[in-house]
Structure formats: structure tokens, C-alpha cells
**Student:** 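One structure, pasted below without further comment.
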2 protein chains.
Amino acid sequence: MKRGRKPTIDAADITRAAIAIADAEGLASVSMARVAAEMGNATMALYRHVKSKDELLALMWDSAMEEPPPLPDGDWRDKLGFWAKAVLVAIRRRPWFLQIPISGPPVGPKNLRWLDSALTALEDVPLEPAEKIGVVMGLSTFAQGEARLIGTLAQGFENDPAQFNHQYGQRLREIVDPRAMPALAEIIESGVFDLDDVVRAEDLGADFDFGLHLFLEGVAAHIRSRA
Amino acid sequence: MKRGRKPTIDAADITRAAIAIADAEGLASVSMARVAAEMGNATMALYRHVKSKDELLALMWDSAMEEPPPLPDGDWRDKLGFWAKAVLVAIRRRPWFLQIPISGPPVGPKNLRWLDSALTALEDVPLEPAEKIGVVMGLSTFAQGEARLIGTLAQGFENDPAQFNHQYGQRLREIVDPRAMPALAEIIESGVFDLDDVVRAEDLGADFDFGLHLFLEGVAAHIRSRA
DNA sequence: AGGTTTTGCGTATGAGGTACGCATAAAAGG
DNA sequence: CCTTTTATGCGTACCTCATACGCAAAACCT
């Protein structure tokens with residue numbers, strides 16, 4: 001039998017508590033003391049189960065992603081598009097996910113299942129393994145980057161809504177000298193930056209959809225050139 | 001005339017000193033005390049010119065990017081591809097750039113010049129303004145995400161080189177159950193993850209090139225469907 | 001029961017951000 | 001030239017955090 005005092009908590013409990021705090025108040029509110037308090041333990045008790053805060057963050061990172069949803073019926077394009085949107089949604093549900101300083105390639109089971117899901121979408125596509133990985137990496141990179149951007153803007157909007165109320169276009173008009181940056185000035189004049197009222201999550205979603213469309217279009221073209 | 005004691009330093013000086021530290025030792029080494037010491041001032045002297053550390057980080061963010069290089073001759077594709085690679089190179093030169101928590105849309109002059117540069121590359125392309133912005137945003141997102149990934153892996157490699165010496169594929173083989181994740185298992189078996197020796201920056205650059213190729217291919221397809 | 005081992009945790013240390021207030025320097029007014 | 005005004009320089013102090021260390025409490029073994 002196992003000797004010594006019985007542990008009252010384990011690393012998984014700590015991770016869960018930390019995630020609950022991050023979900024409710026953001027990653028900045030996750031401190032060892034706070035997590036311990038939330039669990040009714042003393043701060044230093046945590047260190048019996050977790051080497052350091054960095055390790056706790058790594059555990060949080062592994063647990064943060066939910067399971068990948070089952071792929072829809074259709075061709076690879078439907079599936080991969082669905083997958084990319086699922087990635088965006090999953091990250092958006094845990095905005096602090098991208099704030100965790102990561103350290104290495106993914107080995108956590110959840111992340112590997114996401115990878116498997118994307119590769120399943122490409123199952124019947126005639127591409128080399130390395131190419132498939134490239135496609136998935138590119139898509140994943142794009143989705144994460146877009147999620148980051150959306151999160152950033154959403155947060156900036158919370159802090160200072162006035163900054164976004166169709167003043168952005170105006171502000172750019174003041175700053176940008178058409179002689180110095182003619183291409184940008186022309187786009188500004190077209191009014192794309194004059195957001196009528198507020199930047200909404202849906203607008204940002206439209207940007208994502210367009211980028212996704214371009215990328216998938218590129219994959220299709222590449223497949224065609226292969227066949 | 002302006003009353004009061006003459007300032008001996010200004011925000012730009014502080015920003016420069018902070019950037020020098022970040023370049024040399026990473027963003028983690030940038031503390032108010034450290035920056036002040038480096039300038040030969042007392043810690044609290046900085047607060048006369050900078051409201052908070054967050055503000056200092058924002059200033060660093062604005063100053064961190066170098067000027068966009070002039071675009072090469074060629075069609076939009078050459079130019080945009082060159083631009084994307086230039087973004088990657090510029091970020092790679094300041095790996096701490098992506099670690100700064102950002103707050104809002106870009107208004108700094110350098111960032112606007114990068115934007116102008118990309119739009120110049122699309123000058124003669126028959127797309128709507130909003131579409132051009134979408135293309136540039138997508139590309140920029142992709143480049144930043146890839147830079148982040150490369151930086152992460154490079155750092156992980158420094159910390160623990162053994163982890164990468166063609167053990168990654170082996171490790172995956174142990175973890176991944178082919179019955180649970182057949183698509184992933186098949187790719188693993190193909191040996192793509194068995195990096196012969198070491199993950200090199202060049203290999204990662206190849207990934208970037210492939211993703212870039214796909215994206216530009218997609219843009220080309222979209223333009224064709226427009227014409 | 002006595003010894004052993006493992007967990008729980010109080011105390012202490014050091015780093016970092018920053019509020020506050022006084023000292024100091026430079027211009028303006030007499 | 002001296003006083004008043006105003007902006008800067010910065011010492012002190014406080015608070016939050018992560019974490020090393022060591023002792024006490026609990027559970028198992030003989």
C-alpha cells in the first residue's frame with residue numbers, strides 16, 4: 001500500500017480551479033494564492049502537486065481546449081472549413097488561451113485529437129503527408145492569429161468604446177498624408193474604415209470567413225495542380 | 001517660455017532603453033527599475049514621462065517595427081509574397097514583439113506604412129477596397145501567427161534540445177493510438193515528424209513558404225473569379 | 001507503539017509596480 | 001537679485017506575487 005498522508009487534492013483539481021478563475025476573471029487573476037483560496041487550501045499546499053506556476057499554466061493550456069466536434073458530411077472543403085471555424089469558436093470561448101506562454105510542440109491528447117480531426121478532413125485528398133501537415137498548420141496558424149486579433153479588438157473595445165465608434169476612419173484621415181501613403185489613403189477614402197457604429201464580433205467573423213475562403217481556394221488550386 | 005525644471009529624459013529615451021534591454025535579454029528583463037538603471041536614473045523618475053509600464057509597452061510596440069522595405073518589381077504576387085516575408089523577418093528580429101499585450105487597432109506611423117506598402121502591392125489588382133483589406137489582414141494574421149509559432153519552437157528548442165532530436169515522431173508514436181486517431185497515425189507513420197536531427201529555422205521557413213503559397217494561390221483564384 | 005514517509009502549510013525572502021510627498025531646478029515677477 | 005511659481009527628480013513605503021525552507025500532521029509498515 002502507499003505510505004504517507006493521503007493527498008486531499010491533485011494537479012487536476014488545481015488545474016480546474018485555475019481554469020475557473022481564468023474563465024471568470026481572466027488569466028491575470030490567476031495567482032497561486034488565489035487558486036489556493038478558491039480551493040480552501042493554503043498557497044504553499046499547491047506546490048506539492050505542481051512544480052511551479054509555469055507548470056500550472058502548461059496544464060491549463062492542455063485542458064483548455066474542448067474536444068473537437070465531429071466533422072460534417074461533405075467534401076474536404078466543407079470539413080476543413082468547419083474545422084477552422086470550430087477552432088476559432090473554441091479559442092473564443094477561452095480568450096486567455098492565447099495569452100499563455102507556450103513552450104513546445106503539442107503532445108496533449110486534446111490537441112492531438114484536433115490535429116487528427118483536421119487530417120481526417122483531408123483523408124481522401126491526394127496530397128503528400130508533408131503537404132497535408134502544411135495545410136493544417138497554415139490553417140491553424142491563421143485561425144489562431146485571427147482569434148488573437150478578434151480578442152484584442154474586443155478587449156480594446158471594452159476599455160474604450162469611443163475609440164471605435166466610427167472614429168477610426170476619421171482618425172486615419174487625419175493621420176495619413178495621401179502624398180506619403182497614397183494606396184492607404186485611397187482605401188481610407190473608400191470608407192471601409194468608417195464603421196457605422198460599433199465593431200461587432202460578426203464583422204470580425206466576416207473577415208475570418210473571407211480569409212478562410214482565400215486559403216481554402218488556395219488549397220484547392222494546389223490540389224488541382226497536383227492531379 | 002516654458003516654466004519649471006528642464007526634463008533630462010523623455011518618453012522616447014525611455015522607450016529606446018527598454019527596447020535595447022528587450023533586444024538583448026528578452027521582454028521579461030524589462031522592468032521599470034532595470035530600464036531606469038540602464039539610463040542612470042532613479043526608478044520613479046520614469047513615471048514623469050510614462051504613465052505606467054503598460055504605456056511603456058505600448059510605446060515599445062509602436063517603435064519596434066522597422067520601416068517596410070521597398071517592394072520589388074513584378075506582379076502583385078511577387079510584391080505581396082515579398083511583403084509577407086518581410087513581415088516575418090521584421091518580427092523575427094524582435095521576438096518579444098508578439099509577447100506584448102496589445103490593446104487596439106494600429107495608429108502608429110510605422111504600422112500604417114506597412115499597411116500602405118501591402119496595399120501598394122495590390123494597387124493594380126481589380127478588387128474592392130474591403131477585399132483588399134481582407135487579403136492584407138489575412139496575410140498579416142498568417143505571418144504573425146507563423147512568426148509566433150517559429151519563435152515558440154525556437155525557444156523550446158533552446159530550453160530542451162533533446163526534446164526535438166527526432167524524438168518527436170517517436171514520442172507521438174507512443175502516445176497516439178492508431179485506432180483512436182487513424183488519420184494522424186497514418187501521417188506519423190509516413191515519417192514527416194521524424195526530423196532527422198534538429199528543427200532548424202529554415203525548415204520552419206519552408207512551412208511558411210508553403211502556407212504563403214497556398215494563400216496567394218487563393219487570392220489569385222479569387223481575383224480570377226471576379227474578372 | 002514506534003518508525004517512516006508523504007502531504008499540508010506558516011514563515012520569510014526577494015522582485016516588481018506604483019502612490020505619495022518632498023527636494024530641486026528653471027523660468028517669471030517684483 | 002530675490003521671491004514665487006511650476007514642472008521635474010526621486011527616496012520611501014506599500015502591496016502583490018512566486019517560491020525556498022522547515023516543521024507539523026497524517027497514514028502506512030513492522
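The analysis underlying the following values was restricted to heavy atoms, covering all of them including side chains, and did not include hydrogens, waters or symmetry mates. Within every chain, numbering begins at 1; the chains are lettered A, B, ... in the order of the sequence lines, protein sequences first and strands thereafter. Only a predicted model underlies this, so the values are computations on that prediction, with no experimental measurement involved.
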**Student:** Expressed in angstrom and rounded to an integer, what is the separation of A:D54 atom CG from D:dC17 atom P?
**Tutor:** 16 Å
**Student:** Would you say that more than 12 heavy atoms from the other residues, nucleotides or ligands in this model lie under 6.0 Å from the NZ of B:K85, or not?
**Tutor:** no
**Student:** Using whole Å, what does the distance between atom P of nucleotide C:dT7 and atom CG of A:D13 come to?
**Tutor:** 14 Å
**Student:** Round to a whole Å and report the spacing from CG of A:L57 to C1' of D:dC17.
**Tutor:** 13 Å
**Student:** Exactly one of B:R113, B:R92, B:K110, B:R93 should register a salt bridge (charged side-chain N to carboxylate O under 4.0 Å, His left out) with B:E66. Which one does?
**Tutor:** B:R93
**Student:** Could you state the CD-P distance from A:E55 to D:dT19, rounded to the nearest angstrom?
**Tutor:** 11 Å
**Student:** On DNA chain C, check which nucleotide each of A:M44 and A:P7 is closest to and give me the residue with the more 5' one.
**Tutor:** A:P7
**Student:** Taking only side-chain N and O atoms of B:N41, does any of them lie within less than 4.0 angstrom of OP1 or OP2 on D:dG9?
**Tutor:** no
**Student:** Would you mind reading off the distance between B:M32 atom CE and D:dC15 atom P, rounded to a whole angstrom?
**Tutor:** 20 Å
**Student:** Donor-acceptor pair under 3.5 Å: do we get one between A:R5's side chain and the base of C:dT7?
**Tutor:** yes
**Student:** Whether the side chain of A:R48 and the base of C:dG8 hold a donor-acceptor pair under 3.5 Å is what I'd like checked.
**Tutor:** yes
**Student:** Do the side-chain N or O atoms of A:K6 get closer than 4.0 angstrom to the phosphate oxygens (OP1, OP2) of D:dC28?
**Tutor:** yes
**Student:** Going by an N to O cut-off under 4.0 Å, is there a salt bridge joining A:R94 and A:D23?
**Tutor:** yes
**Student:** Does A:K53 have a side-chain nitrogen or oxygen under 4.0 Å from the phosphate oxygens OP1 or OP2 of D:dA18?
**Tutor:** yes
**Student:** Can you tell me the distance, in whole Å, between the CG atom of A:D10 and the C1' atom of C:dG8?
**Tutor:** 15 Å
**Student:** Does A:D116 use its side chain to pair, donor to acceptor, with the backbone of B:A183 at less than 3.5 Å?
**Tutor:** yes
**Student:** Please determine whether a side-chain nitrogen or oxygen atom of B:T43 lies at a distance below 4.0 Å from atom OP1 or OP2 of C:dG17.
**Tutor:** no
**Student:** Identify, between B:R3 and B:L46, the residue whose nearest nucleotide on DNA chain D lies closer to the 5' end.
**Tutor:** B:R3
